[in-house]
J.: 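Dropping the structure in here first, questions after.
Worth saying up front: this structure is predicted, and the values here are computed from it rather than measured.
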Amino acid sequence: MIRNRDNAYSPDGGLAILWGNLAPDGAVVKKGAVLPEMMVHKGPAKVYNSEEECVEALLSGKVEKGDVVVVRYEGPKGGPGMREMLTPTSVIAGMGLDSSVALITDGRFSGASRGASIGHISPEAAAGGLIGIVEEGDIISIDIPNNKLELLVDEETIAERRAKFVPLEKPVPDGYLKRYRKMVTSANTGAIFED
């Protein structure tokens, strides 16, 4: 079960950190669970503002081969909290789409997730991250071997969208969750509180 270095499962481990305009502060993928054909992928975005929206779309057949599913507002500030995103990845795999569909999110995954599931995108949408301005049909490029995650939209369009962008704020009861949302930082810092 435990191999020596000369016969390792992978020369550089089972996780990869991806960088790019979609994740200037990083994103995480369990590359050891990604099929070879999905290590490099480029496709149109299907955008959802919650895990529930995403699952409903998947079960309704709205996600097709080649798509990049974007689930945002599931990060520490956006959730608030950082729920595990096992359901969307399980549905994608169960529908036989894990060899052709990627999922990116500012939320998190557990060790049970598989497929091209990229999480912890930082900064998250609720903190003004670029994932918040992705629009339906935008082309997203994933290159796990070269640690890249890019939104293929020109800088002028990105600047125009940023100028109009107001992050979604999910309703939460008064009390601790509001305080948490106000003070928590994105996943790349460990979702710690700001001073």
Side-chain angles (χ1 to χ4, degrees), residues 15-30 44-55 57 67-89 102-110 113 116-144 147-195:
L15 297 177
I17 306 301
L18 307 184
W19 311 94
N21 66 355
L22 260 174
D25 294 334
V28 181
V29 63
K30 187 169 74 173
K46 293 285 177 80
V47 182
Y48 307 102
N49 289 332
S50 71
E51 178 183 15
E52 291 82 3
E53 276 185 23
C54 172
V55 171
D67 287 343
V68 177
V69 174
V70 178
V71 184
R72 58 193 180 195
Y73 298 105
E74 291 292 0
K77 191 179 289 291
M82 217 174 167
R83 294 184 301 168
E84 176 194 1
M85 305 292 282
L86 183 60
T87 302
T89 57
L103 187 148
I104 69 170
T105 182
D106 51 13
R108 70 176 178 91
F109 299 108
S110 75
S113 295
S117 303
I118 299 164
H120 295 248
I121 290 177
S122 299
E124 63 177 295
L130 197 69
I131 189 173
I133 64 165
V134 175
E135 293 185 2
E136 196 84 4
D138 285 349
I139 302 300
I140 294 173
S141 174
I142 299 164
D143 184 347
I144 295 171
N147 303 93
K148 293 284 184 193
L149 180 60
E150 297 282 340
L151 174 64
L152 302 182
V153 172
D154 64 85
E155 288 300 322
E156 185 178 329
T157 302
I158 288 174
E160 287 171 6
R161 291 182 190 177
R162 277 193 190 279
K164 297 182 221 170
F165 178 57
V166 178
L168 174 71
E169 194 169 279
K170 294 178 183 175
V172 295
D174 287 336
Y176 184 75
L177 274 180
K178 280 196 174 177
R179 178 176 178 265
Y180 176 87
R181 179 170 59 198
K182 182 178 178 182
M183 298 180 69
V184 74
T185 58
S186 286
N188 65 304
T189 64
I192 62 170
F193 277 10
E194 293 176 310
D195 287 336

J.: Do the non-hydrogen side-chain atoms of Asp143 and Leu18 ever get within less than 4.5 Å of each other?
T.: no
J.: Taking the side chain as every heavy atom from C-beta outward, state whether Thr105 and Ile121 have any pair of such atoms under 4.5 Å apart.
T.: no
J.: Under the side chain to side chain contact (heavy atoms under 4.5 Å, CB included) rule, what do Ser50 and Lys170 come out as? Steps first, then yes or no, please.
T.: CA-CA 10 Å; Ser50 71; Lys170 294 178 183 175; 4.2 Å; yes
J.: With a sphere of 6.0 Å drawn around CD of Glu136, does it hold more than 12 non-hydrogen atoms of other residues, nucleotides or ligands?
T.: yes
J.: Counting only N and O atoms by type, is there a donor-acceptor contact under 3.5 Å from the side chain of Thr185 to the main-chain atoms of Glu194?
T.: no
J.: Please name the pair of heavy atoms, one in Ser117 and one in Thr89, separated by the smallest distance, quoted to 0.1 Å.
T.: OG-CG2, 3.1 Å
J.: I'd like to know if the side chain of Asp138 and the backbone of Ala45 have a donor-acceptor N/O pair within less than 3.5 Å.
T.: no
J.: What distance do Ile158 atom CD1 and Phe165 atom CZ have between them, rounded to the nearest 0.5 Å?
T.: 13.0 Å
J.: Find out whether Ile139 and Pro44 are in side-chain contact, i.e. whether some heavy atom of one side chain is under 4.5 Å from a heavy atom of the other.
T.: yes
J.: Between the side chain of Glu124 and the main-chain N/O of Ala187, is any donor-acceptor distance below 3.5 Å?
T.: no
J.: Any donor and acceptor pair, going by atom type alone, linking the side chain of Glu51 with main-chain N or O of Glu74 inside 3.5 Å?
T.: no
J.: Is the side chain of Asn147 donor-acceptor paired with the backbone N or O of Trp19 at a distance under 3.5 Å, no angle test?
T.: no
J.: Could you check Cys54 against Val69 for side chain to side chain contact (heavy atoms under 4.5 Å, CB included), going step by step and ending with a plain yes or no?
T.: CA-CA 8 Å; Cys54 172; Val69 174; 3.6 Å; yes
J.: Test Val47 against Glu135 for side chain to side chain contact (heavy atoms under 4.5 Å, CB included), laying out the working first.
T.: CA-CA 7 Å; Val47 182; Glu135 293 185 2; 5.8 Å; no
J.: Are any non-hydrogen side-chain atoms of Ile142 and Ile144 less than 4.5 angstrom apart?
T.: yes
J.: Do Pro80 and Val172 make a side-chain contact, defined as non-hydrogen atoms from C-beta onward lying under 4.5 Å apart?
T.: yes
J.: Atom CE in Met85, atom CZ in Arg108: separation rounded to 0.5 Å?
T.: 10.0 Å
J.: Take Val134 and Leu22, measure what side chain to side chain contact (heavy atoms under 4.5 Å, CB included) needs, and give me the verdict at the end.
T.: CA-CA 9 Å; Val134 175; Leu22 260 174; 3.8 Å; yes
J.: Rounded to the nearest 0.5 Å, what separation is found between the CD1 atom of Ile104 and the CD1 atom of Ile140?
T.: 4.0 Å
J.: Given side chains that start at C-beta, do those of Val29 and Leu149 come closer than 4.5 Å, heavy atoms only?
T.: no
J.: To the nearest 0.5 Å, what is the distance between CD1 on Ile118 and NZ on Lys30?
T.: 13.5 Å
J.: Mind jotting down which residue pairs meet the salt bridge (charged side-chain N to carboxylate O under 4.0 Å, His left out) criterion with at least one end in residues 179-192? Sequence neighbours excluded, please.
T.: Glu169-Arg181
J.: Please report the interatomic distance CD(Glu160) to CD(Glu155), rounded to the nearest 0.5 Å.
T.: 11.5 Å
J.: Ring pair (Phe, Tyr, Trp, His ring centres under 6.0 Å) with Phe193: which residues, sequence neighbours excluded?
T.: Tyr180
J.: Please answer whether the main-chain N or O of Ile133 pairs with a side-chain N or O of Arg161 as donor and acceptor at a distance below 3.5 Å.
T.: yes
J.: Tell me the closest heavy-atom pair linking Lys46 and Asp67, and the distance in Å.
T.: NZ-OD2, 2.9 Å
J.: Would you give the length of the straight line joining atom CG of Leu168 to atom CZ of Arg72, rounded to the nearest 0.5 angstrom?
T.: 8.5 Å
J.: Closest heavy-atom contact between Ser186 and Pro123?
T.: OG-CA, 3.6 Å
J.: To check you understand the geometry: which heavy-atom pair defines the closest contact between Lys77 and Ala126, and what is its length?
T.: CD-O, 3.7 Å
J.: What heavy-atom pair brings Tyr73 and Pro167 nearest, and what distance separates the two atoms?
T.: OH-CA, 3.6 Å
